[in-house]
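In what follows, a structure is listed as structure tokens, so that the remarks can point back to it.
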Amino acid sequence: MARFDDLKEYVDSMERDFTQFYDKGNKAAGTRVRKGMQELKKMAQDIRVEVQDKKSSM
């Protein structure tokens with residue numbers, strides 16, 4: 001569950017930038033949101049690979 005907790009913590013850390021971009025129209029926050037989403041995509045892919053490896057070893 002550590003991976004899930006890491007994922008939740010990361011998403012929570014982006015809340016401020018989401019609010020600044022969507023509610024206040026801050027363009028720099030939009031850039032940070034895009035960067036954060038790219039990192040989230042990478043994290044998701046790493047978890048996908050890890051799950052597949054674990055499934056294969058069962």
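The structure presented is a predicted model; accordingly, all values stated were derived computationally and were not measured.
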What is the distance from atom OG1 of Thr31 to atom NZ of Lys27, rounded to the nearest 0.5 Å? 9.5 Å
Reported CE-to-CG distance for the pair Met1 and Asp6, which is rounded to 0.5 angstrom: 11.0 Å
How long is the straight-line distance from CG of Asp12 back to CG of Leu7, given to the nearest 0.5 Å? 10.0 Å
Atom NZ in Lys55, atom CE in Met58: separation rounded to 0.5 Å? 9.0 Å
Are more than 12 heavy atoms, taken from residues, nucleotides or ligands other than Arg16, located less than 6.0 Å from that residue's CZ atom? no
Hey, does Val33 have a side-chain heavy atom less than 4.5 Å from the side chain of Met37? yes
Results of side-chain hydrogen bond (donor to acceptor under 3.5 Å, both in side chains) for Arg32 - residues two or more places apart only: Asp17, Gln20
Could you report the tightest heavy-atom contact between Phe21 and Gly30, atom names first, then the distance? CD1-CA, 3.3 Å
From NZ (Lys35) to CG (Leu40), nearest 0.5 Å: 14.0 Å
Tyr22, OH: over 12 other non-hydrogen atoms inside 6.0 angstrom: no
Partner of Arg3 under side chain to side chain contact (heavy atoms under 4.5 Å, CB included), chosen from Lys8, Glu50, Met43: Glu50
From CD1 (Ile47) to CZ (Phe4), nearest 0.5 Å: 9.5 Å
